[in-house]
Every structure is written in C-alpha cells, then in structure tokens.
Amino acid sequence: MRLERRGASLVARTPAKLNLFLEVLGRRADGYHELETVMVSIGLYDTLRFDPEVSGRLELSLADGQSRQGIGAALLPIDDNNLVLRAARLLREVTGCLLGAHITLTKNIPLQAGLGGGSSDAAATLVALNQFWQLGLSPAELHSLAAQLGSDVNFFLDSVPLALCHGRGEQIEPRRLSRPLHFVVIKPAVGLSTREVFQRLHLTREPRSSGLLLDGLRSGCPHAVGQGMSNALEAPAVSLSGEVAKTLDCLRGVPAWGSLMTGSGSSCFSVFAHAVQAARAARRLRAMQCGQVFVVSAAI
Ligand code: C5P
C-alpha cells in the first residue's frame with residue numbers, strides 16, 4: 001500500500017492480490033485449513049482517506065459518487081462488520097486510544113472475488129491509523145492484530161510484491177519478483193463466499209508443492225509457471241457456480257502462460273509476459289462478455 005499525507009488527511013492506496021498457487025494441506029482443529037499459497041500484489045486499488053474526527057467517533061462512508069448498490073455492495077457491510085472498522089476498533093482496544101477518525105472508502109476491487117480487497121483495506125487501516133494516531137505499534141504487533149482480522153490481512157501489511165504463505169495464509173515469506181508480470185483478471189457476475197467454498201472442499205489427493213511455480217517465476221520459464229499454477233479451491237468453487245467454469249473456459253481459449261481462479265473465487269485470471277499481450281487478450285475476452293475484465297500488472 002502507499003500512504004500519502006494530504007493536509008490533515010492521510011490517504012492509502014490499497015492493492016488487490018492474486019493467488020498464483022493455493023494448496024490445502026489439511027483441516028485444522030480450529031475449523032480453518034492449513035494452506036500453502038503464493039500471492040502476488042497487483043495494480044488494482046481501493047482508496048482509503050483518514051480524516052480527524054473531533055467527536056472521538058469512528059465513522060466509515062463511501063466516497064462521493066459511489067453507492068452501495070453501484071458497487072454490488074449489499075455485500076459490503078458499512079457497519080461494525082466491515083473489516084476497516086474492525087481494524088480501527090481493534091487498534092483502539094489494544095492501545096486504549098480514544099481518538100476518532102472519519103474514513104472514506106473508494107471501492108474499486110470487486111467483492112467476494114478472491115482478490116483480497118477487504119483484507120487489503122484492513123491492513124492499510126492498521127498501518128495508517130498507527131501513524132495517524134501516533135500509536136507506535138511495531139511491525140510485529142501489527143502482524144499479530146492482522147492475523148486476528150483475517151487470513152489474508154498479513155500479506156498486505158508489508159507491501160511485498162510476492163510471498164509464499166503458510167498457516168491459515170497469515171505466515172508470510174516475502175519473495176523477489178524477478179520480472180514484471182501482466183494479468184487479465186475476469187470477475188464474473190456472481191461472487192463466492194470463502195467459507196462456503198472451503199465447506200465444499202474434499203481433501204482426497206496428495207498435496208502439490210509451489211516449488212515448480214516459484215522456480216518458474218525465478219527463471220521466467222513460461223512452461224514452469226503454467227504447469228506450476230494450481231488452486232485446490234477451483235474444483236469446489238466450480239461445483240458452487242457454473243460461472244467460474246465458464247470464466248475459466250473463456251480465459252483458457254486465449255493463449256497465455258497459464259489461467260487460474262484466484263483464492264476462493266469467483267475471479268479468474270491469465271498470466272502474460274508482456275503488457276501488450278495482456279491488452280490484446282483483454283480485447284478478445286471483453287468481446288466474449290464473461291464478466292468484468294481488468295488488465296493489471298505486478299510490479300517488481
Ligand atoms: O480468515 P478469513 O476470515 O478470511 O476466512 C473466512 C472463512 O474461510 C473462515 O471462516 C473459514 O471458514 C475459511 N477459511 C479456512 N481456512 C483458511 C482460511 C479461511 O477454512 N486457511
């Protein structure tokens with residue numbers, strides 16, 4: 001994320017992510033699943049603006065021109081269940097801080113899409129309010145709070161371009177991206193609930209390893225990247241929604257390094273070596289009308 005001071009306001013740009021690999025290693029006693037996943041940060045952003053609130057209240061609103069209907073946001077809680085407000089409250093709870101803030105959200109990252117928008121917003125809230133309220137929490141303390149908010153929040157805290165993640169997804173090993181990558185992302189009309197997708201999962205096969213993908217990313221080998229990309233949640237997501245299968249069919253009809261669903265869906269993406277190839281593929285995919293099409297890059 002990028003933080004910028006604008007007068008009395010602090011503005012954060014919060015990126016989305018894609019899972020280039022996601023394997024489920026087992027079911028845990030706490031109801032979660034043990035994962036191995038490779039996440040890459042992409043250039044599709046929400047914006048959060050933090051302004052002082054003298055009343056001491058915590059308030060969250062959508063930016064002018066954004067209605068909850070407009071962004072499909074019957075799904076976007078703007079009340080206490082919103083991850084941004086939960087992050088802000090958690091910070092106040094653990095520090096005893098009584099300061100308020102007015103937070104304005106500009107939502108561009110689709111919801112229930114496997115793109116981590118809510119998690120990225122929560123991570124930015126922790127980092128931004130730690131600075132805005134001068135709380136002085138260390139990176140390790142912020143990571144501990146991030147893990148309480150959701151499995152993907154930790155990935156976004158340190159703004160790393162690429163990471164291998166374990167545990168629920170919250171244990172992060174940053175990796176270097178040796179070259180820029182380009183993506184076409186398609187968000188079908190339906191969204192999927194992470195919890196429901198995990199409930200449909202049957203752990204039957206031997207777990208795959210992310211080794212081939214990471215080698216391919218390091219060497220820039222298209223074959224290794226394509227073969228190494230895999231997502232154990234794809235089959236359960238497809239069983240929940242035919243739209244995911246349709247989206248993958250569209251993507252797999254256009255040459256790319258590889259195509260995959262991200263996270264627990266419903267968005268799917270293809271990987272390209274060059275921006276012009278991604279732009280050309282996006283033109284073909286828009287004509288197929290399989291959903292909202294984004295052309296994005298992962299920066300080194
Ligand atoms: O952690 P987060 O709130 O993002 O997870 C949403 C839901 O997804 C969890 O309640 C759980 O049902 C499922 N989940 C899981 N194993 C994970 C991550 C999420 O079972 N590693």
Side-chain angles (χ1 to χ4, degrees), residues 1 14-42 46 73 75-91 93 105 107 109-126 142-158 163-173 187 190-205 207-210 230-241 244 260-267:
M1 88 207 59
T14 66
K17 58 85 178 165
L18 295 173
N19 298 78
L20 300 180
F21 177 92
L22 192 159
E23 187 55 282
V24 180
L25 305 177
R27 200 166 275 130
R28 309 184 345 173
D30 63 5
Y32 280 89
H33 293 80
E34 197 67 18
L35 303 184
E36 174 166 323
T37 182
V38 175
M39 294 205 253
V40 65
S41 174
I42 56 168
D46 286 344
L75 302 166
L76 179 70
I78 217 88
D79 58 15
D80 285 2
N81 286 323
N82 185 286
L83 268 183
V84 167
L85 284 176
R86 284 177 46 206
R89 280 187 212 296
L90 188 58
L91 271 178
E93 251 169 62
L105 169 62
K107 193 84 203 151
I109 304 172
L111 305 167
Q112 292 206 322
L115 295 169
S119 301
S120 189
D121 294 345
T125 302
L126 290 177
L142 291 179
H143 270 285
S144 148
L145 300 184
Q148 294 175 45
L149 291 166
S151 307
D152 289 343
V153 180
N154 295 77
F155 169 72
F156 293 105
L157 265 191
D158 301 330
L164 171 63
C165 312
H166 286 103
R168 283 188 294 131
E170 87 287 10
Q171 296 164 20
I172 311 299
E173 288 174 42
K187 162 66 178 53
V190 293
L192 289 176
S193 141
T194 302
R195 184 189 299 267
E196 282 177 30
V197 174
F198 272 104
Q199 279 169 351
R200 285 276 180 128
L201 175 75
H202 300 293
L203 290 173
T204 47
R205 59 175 172 76
R208 296 199 177 117
S209 149
S210 60
S230 94
N231 184 345
L233 297 179
E234 216 174 75
V238 164
S239 81
L240 273 174
S241 163
V244 174
L260 199 69
M261 186 183 83
T262 174
S264 56
S266 58
S267 302

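All ligand and atom numbering here is 1-based and tracks the order in the structure.
Remark: F198 engages H33 in a ring-ring contact (aromatic ring centres under 6.0 Å, His included) (not counting sequence neighbours). Residues satisfying the side chain to side chain contact (heavy atoms under 4.5 Å, CB included) test with S151, not counting sequence neighbours, are Y32, R168. Residues passing the side-chain hydrogen bond (donor to acceptor under 3.5 Å, both in side chains) test with S267, sequence neighbours excluded: none.
A distance limit of 4.0 angstrom between heavy atoms and ligand 1 selects the residues G31, Y32, H33, L35, G150, S151, R168, T194, R195, F198.
In this structure, R200 contributes its side chain and S239 its backbone to a donor-acceptor pair below 3.5 Å.
Ion pair E93/R86 not flagged as a salt bridge, since none of the NZ, NE, NH1 or NH2 atoms sits closer than 4.0 Å to an Asp/Glu carboxylate oxygen.
Heavy atoms from other residues, nucleotides or ligands lying under 6.0 Å from CZ of R195 number 12 at most.
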